[in-house]
Enquirer: 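The structure under discussion is supplied below as structure tokens; questions concerning it will follow.
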Amino acid sequence: MSLKVLKFGGSSLADANQFKKVAEIIKSEPERRYIVASAPGKRKSGDTKVTDLLYKCYELAANEEDITEVFNEIKSRYTDIIRDLKIDLDLNDIFEKIQMSMLHNSGRDYIASRGEYINGLILAKYLGFNFIDAKKVIFFNEDGTFNSEKTNDVLSEYLSRHQYAVIPGFYGSMPNGTIKTFTRGGSDITGSIVARAARATVYENWTDVSGFLMADPRCISNPKVIDTITYKELRELSYMGATVLHEDAIFPVRYSKIPINIKNTNKPSDRGTFIVPETDEISDTVITGIAGKTGFSTINIEKDMMNAELGFGRRVLQVIEENNLSFEHFPSGIDTMSVIVPTKELHNKRADITAGICKAVDPENIFVEENLALIAIVGRGMIKAKGTAARIFTALANSGVNIRMIDQGSSELNIIVGVDSNDYITALKAIYNEFVK
Ligand code: ASP
């Protein structure tokens, strides 16, 4: 039998009007049984998310400043919703407890988590569903990592006792019972955890866009929505900066091969994007999406007969590791090798790293180049389509963009090109237009 887990993001639960849309979506299908709620997000641009207000209160209290104004703003976000939905729910005791804990400098995570906790209570009341406090079913280990197996056992058992329930997103509990949150946007992870425990047929992630876009709309106007994307492709695109879903949200559902459907609360009949374990369906654009980031530097190392020197690459990378820096790519030639790292992180380690590499491998030349942007062109269709790389390079050449680095993953799922940061937008547009327009 079909069973759906739905997660609604902050913009979907920002005010009573959005709550009404959400309830209509849930009630339209009886298999929509488990709902994960975020805290109220922005109602319009310039507005502040409740989670941010909670963090602000925490900071004010920690600095012994007055929290009254910000706390009242938080309270009125919820009391407005309750009033407009005409539900009978008294939150006074809860507000008092939270205010007290702020004044007593209780944990930052506890305070931040109250945004989803209260929104979950309101949604459960409005829908007539049970409320399951995430602290009873989502667990972290002593070292702060997520305890997936204990969570899955306890949560499955809880869900089996409730046919319909609301679970607040974003937090769980530590072994000593204190509250811990995931990183920002973490309700996506809760949704995925609940989908796994419920053995859902699909995890619907409801937000304010009709799916995952093929490119960043700040760089490409009106990019197409991706119909279907595999978990692996999504990882590649998210890693390179594309956001809609928290990047850790894939892991729990990946385990049980549950598809994720990104849907738009404001346009519920749009199909949205399906994120699936695997698919034979190949998009006619060949590529699935493009993403990129600026702000990289290349450490270039040159030495004659480098290729014959055993352990050369290992010694270079060891210096990078000892300086606590993670590298992005590692392209090499016959007598040259480059290590690509984020410029911001290299900044104050540059002298140590250069000296370390000189000592480790005694190069003839070593120099750092900045202003590199990386663009990942991702698509499962590339394995079968001949000439994809040629099309990318021709499009870039025709737009006057010089390619500074090329890297094709062994999975043939992506081609990464490095270009000068000044050419970043031109390069994105050239590639998008070549494949999509
Ligand atoms: N409310 C939290 C945040 O703003 C978690 C979430 O919405 O997923 O990051």
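Basis for what follows: all heavy atoms, side chains included, without hydrogens, waters or symmetry-related copies. Each ligand, and each atom within it, is numbered from 1 in the order the structure gives.
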Enquirer: If you take the nearest heavy atom of each of F8, F170, Y171, which one is closest to atom 5 (C) of ligand 1?
Expert: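 Considering heavy atoms of F8, F170, Y171, the nearest to atom 5 (C) of ligand 1 sits in F170.
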Enquirer: For ligand 1, which is the ligand I care about here, please tell me if K7 has any N or O atom under 3.5 Å from one of the ligand's N or O atoms.
Expert: no
Enquirer: Suppose I only count heavy atoms of S38 and a 4.0 Å limit; which atoms of ligand 1 are within that range?
Expert: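 Per the distance check, 6 (C), 7 (O), 8 (O).
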Enquirer: Yes or no: does G10 have any heavy atom under 4.0 Å from an atom of ligand 1?
Expert: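 Heavy atoms of G10 never come under 4.0 Å of ligand 1.
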Enquirer: Are F327 and F330 an aromatic pair by the rule of ring centers under 6.0 Å?
Expert: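 Yes, the ring of F327 comes within the 6.0 Å limit of the ring of F330, centre to centre.
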Enquirer: Among all protein heavy atoms in this structure, tell me which lies nearest to atom 1 (N) of ligand 1, with the distance rounded to 0.1 Å.
Expert: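 Result: T51 OG1, 2.7 Å.
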Enquirer: Are T298 and N300 linked by a side-chain donor-acceptor pair shorter than 3.5 Å?
Expert: no
Enquirer: Would one find an N or O of K49, backbone or side chain, under 3.5 Å from an N or O of ligand 1?
Expert: no
Enquirer: May I ask you to say whether D47 pairs ionically with R77, meaning some side-chain N is under 4.0 Å from a carboxylate O?
Expert: yes
Enquirer: Pick one: which of N147, I193, I132 meets side-chain contact (heavy atoms from CB on, under 4.5 Å) with I138?
Expert: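 Single pass found, and it is I193.
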Enquirer: Cut-off 3.5 Å, side chains only: do N17 and D15 have a donor facing an acceptor?
Expert: no
Enquirer: Quick one: do E204 and R32 make a salt bridge, cutoff under 4.0 Å?
Expert: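 Yes.
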Enquirer: May I ask you to check whether Y158 and D153 show a side-chain donor-acceptor distance below 3.5 Å?
Expert: no
Enquirer: Please list, in number order, the atoms of ligand 1 under 4.0 Å from a heavy atom of R184.
Expert: 3 (C), 4 (O), 9 (O)
Enquirer: Which of the atoms in ligand 1, numbered in the order shown and given with their element, are less than 4.0 Å from a heavy-atom of S187?
Expert: 5 (C), 6 (C), 7 (O), 8 (O)
Enquirer: Check if G185 has a non-hydrogen atom at a distance under 4.0 Å from any atom of ligand 1.
Expert: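 Right, G185 reaches ligand 1.
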Enquirer: Give the atom numbers and elements of ligand 1 that come within less than 4.0 Å of a heavy atom of E116.
Expert: 1 (N), 2 (C), 5 (C), 6 (C), 7 (O)
